[in-house]
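Quick note: residue numbers are just sequence positions, from 1. On a predicted model such as this, the values are computed, not experimentally measured, just so you know.
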Amino acid sequence: MWPDSLVREIVEKRCIIHLGSGMSCQSTDEHGNRPPSWENLLRALKEATLNSDEDKLLVDEFISQKKYLDAAEVIRRKGSPAEYNSKIREIFIQNNFTPSVAHKDLVNISPRIFSTTNYDTLLEGALIENSGHNSFTQYEHTRDGLLDSVRSPSTILIKMHGCAKHAADTILSRSDYFKLRKKYRSFFELTSSLYKLNTVLFIGCGIEDPDINLILENNNIETDTTNPSYAMVGSKSYAARIKDTIKSQYNIELIVYQQADENDYSNFQLKLNELKDKVDVIRTKYGSTS
């Protein structure tokens, strides 16, 4: 069940909805293909950017051990930057993935702030389809002005790891994360503050993402609050198996949808639609149309 307290936070514009790659995987192109998982993205970048068999084997070894940041580091340090940029644009722009029903439901839920670590433009597409090009303001770590927008009533989309349209600036590897925190310190500190001051609903993402992990750990250490954030996860996911640890370490309550196995996402959309319906009921009850 979706907690009434979370729904009220969304209706009253005090909830950030953060999207991970699991959200993008709800979308398809005209051939029914879906955007890649992080693991499959690394494999595609390995083949496109690396020439050395030794480097490719090292990437495969890191991926098999789920050391994705280390695999990404090899790709970024040893691979061709031009081929990296080209492959990122090909995968996330040229393949013409279209926004899913889940994306459209989220836009209709209408939080004031969206954030995402995804490179694709699926959420932008859903926002434009719903309300037009001028209905939101988008920020990446390379763009100033986020604080001014936070102080305004406009809808904001924060792309924490950049956008495929500007592939060279995307955040992928361990050194990329370090550069983000060092060179764009104000962006990182502001996003951290937003996560501290608002309830956050994580959808389709792993809590183990390095940036999110660091923000959540710092915020939970620095802020003593009984009000949790939330994450929608599958019943067979790794997060569901360590539910108590996530609650104690990050103060995150899990909203669980049922899975037959860890690759079953058939109930993902149904669970999200339940949230949209509940938000609509509360908005009608309290007279809010925003």
Side-chain angles (χ1 to χ4, degrees), residues 10-31 33-36 85-171 180 184 186-188 190-191 194-195 198 200-205 269 272-273 275-276 279-280 283 288-290:
I10 293 172
V11 170
E12 294 171 6
K13 305 293 187 179
R14 295 195 301 267
C15 179
I16 296 172
I17 293 185
H18 178 94
L19 307 182
S21 60
M23 185 70 190
S24 297
C25 289
Q26 299 298 305
S27 298
T28 60
D29 63 14
E30 61 181 342
H31 304 294
N33 300 312
R34 298 182 185 275
N85 296 343
S86 176
K87 195 65 178 179
I88 289 289
R89 287 192 295 268
E90 174 192 325
I91 291 173
F92 295 107
I93 303 295
Q94 296 170 15
N95 281 342
N96 290 321
F97 294 109
T98 57
S100 65
V101 174
H103 285 93
K104 296 174 183 179
D105 276 349
L106 278 182
V107 168
N108 286 323
I109 285 170
S110 188
R112 184 162 169 269
I113 300 176
F114 288 102
S115 65
T116 181
T117 47
N118 299 337
Y119 304 145
D120 60 64
T121 59
L122 291 165
L123 184 58
E124 295 97 300
L127 285 163
I128 291 168
E129 181 180 332
N130 182 271
S131 304
H133 285 272
N134 298 323
S135 61
F136 67 100
T137 306
Q138 180 174 320
Y139 288 94
E140 300 161 32
H141 53 280
T142 55
R143 181 183 177 187
D144 295 328
L146 176 57
L147 181 58
D148 289 334
S149 285
V150 169
R151 291 171 173 168
S152 77
S154 63
T155 298
I156 299 169
L157 170 58
I158 303 172
K159 305 200 75 168
M160 297 180 68
H161 292 172
C163 180
K165 289 182 177 180
H166 312 114
D169 294 322
T170 52
I171 305 298
L180 174 65
Y184 302 101
S186 61
F187 176 87
F188 186 82
L190 179 53
T191 52
L194 289 172
Y195 276 56
N198 294 272
V200 184
L201 170 59
F202 296 92
I203 297 177
C205 60
Q269 168 58 38
L272 204 54
N273 190 253
L275 175 61
K276 182 184 107 41
V279 167
D280 288 343
R283 282 204 174 111
S288 172
T289 58
S290 59

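In terms of the side chain to side chain contact (heavy atoms under 4.5 Å, CB included) criterion, residue partners of V279 (sequence neighbours excluded) are, by chain and number, V7, I10, V11, I109, L275, R283. By the side chain to side chain donor-acceptor pair (under 3.5 Å) test, S24 pairs with N118, D120, sequence neighbours left out. Listed by chain and number, the residues in a salt bridge (Lys or Arg N to Asp or Glu O under 4.0 Å) with E90 are K87 (sequence neighbours excluded). Scanning for ring-ring contact (aromatic ring centres under 6.0 Å, His included) contacts around F92 gives Y119, with sequence neighbours left out. Residues forming a salt bridge (Lys or Arg N to Asp or Glu O under 4.0 Å) with E124 (at least two apart in sequence, or on another chain): K159. With sequence neighbours left out, the side chain to side chain donor-acceptor pair (under 3.5 Å) criterion links T170 to Y84. Under the salt bridge (Lys or Arg N to Asp or Glu O under 4.0 Å) criterion, R14 pairs with E9, E12, not counting sequence neighbours. Scored by the ring-ring contact (aromatic ring centres under 6.0 Å, His included) test, H103 finds no partners at all (sequence neighbours excluded). Annotation: ring-ring contact (aromatic ring centres under 6.0 Å, His included) contacts of Y184 (sequence neighbours excluded): H141. Take D280 and apply the salt bridge (Lys or Arg N to Asp or Glu O under 4.0 Å) test, not counting sequence neighbours, and it matches K276.
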Verify side-chain contact (heavy atoms from CB on, under 4.5 Å) between I16 and L201, making sure each step is shown before the conclusion. CA-CA 6 Å; I16 296 172; L201 170 59; over 6 Å; no

Could you check S27 against R34 for side-chain contact (heavy atoms from CB on, under 4.5 Å), going step by step and ending with a plain yes or no? CA-CA 6 Å; S27 298; R34 298 182 185 275; over 6 Å; no

Please step through side-chain contact (heavy atoms from CB on, under 4.5 Å) for the pair L19 and L123, ending with a clear verdict. CA-CA 9 Å; L19 307 182; L123 184 58; 3.8 Å; yes

Mind running side-chain contact (heavy atoms from CB on, under 4.5 Å) on M160 and T116 for me, showing each step along the way? CA-CA 6 Å; M160 297 180 68; T116 181; over 6 Å; no

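In terms of heavy-atom proximity, L106 sits nearest to F114 at O-CZ, 3.7 Å. Between P111 and C15, the shortest heavy-atom contact is CB-O, 3.7 Å. Nearest heavy atoms, R89 versus A164: CG-O, 3.3 Å. Shown here for F187 and L180, the closest heavy-atom pair between the two residues is CD2-CD1, 4.2 Å. Residues P99 and A126 come closest through the heavy atom pair CG-N, 3.7 Å.
Residue L157 holds its CG atom at 10.5 Å from CD1 of I113, rounded to the nearest 0.5 Å. In this structure, the separation between CD on Q94 and CG on D29 is 12.5 Å, given to the nearest 0.5 Å.
Residue pairs meeting the side-chain hydrogen bond (donor to acceptor under 3.5 Å, both in side chains) criterion with at least one partner in residues 149-158, sequence neighbours excluded, are Y139-S149, S152-S154. Within the structure, salt bridge (charged side-chain N to carboxylate O under 4.0 Å, His left out) contacts touching residues 102-112 (residues at least two apart or in different chains) are K104-E129.
Annotation: side chain of S110 is in contact with side chain of K13 (closest heavy-atom distance under 4.5 Å). Two residues are said to be in side-chain contact when any heavy atoms from C-beta on lie closer than 4.5 Å; T142 and D169 meet this criterion. Side-chain contact between P36 and I91: present, with at least one pair of heavy atoms (C-beta onward) separated by less than 4.5 Å. Counting heavy atoms from C-beta outward, L194 and V150 have side chains that approach closer than 4.5 Å. T137 has its side chain out of reach of L146: every pair of non-hydrogen atoms, C-beta onward, lies at least 4.5 Å apart. Within the 4.5 Å cutoff, side-chain heavy atoms of T191 are placed close to those of I158. Counting heavy atoms from C-beta on, the side chains of N33 and N95 never come closer than 4.5 Å. Within the 4.5 Å cutoff, the side chain of E140 has no heavy atoms near those of the I171 side chain.
With hydrogens and angles left out, the side-chain atoms of H161 and T117 include no donor and acceptor closer than 3.5 Å.
F202 and Y195 have tilted rings, their planes meeting at an angle from 30° to 60° on a 0 to 90° scale.
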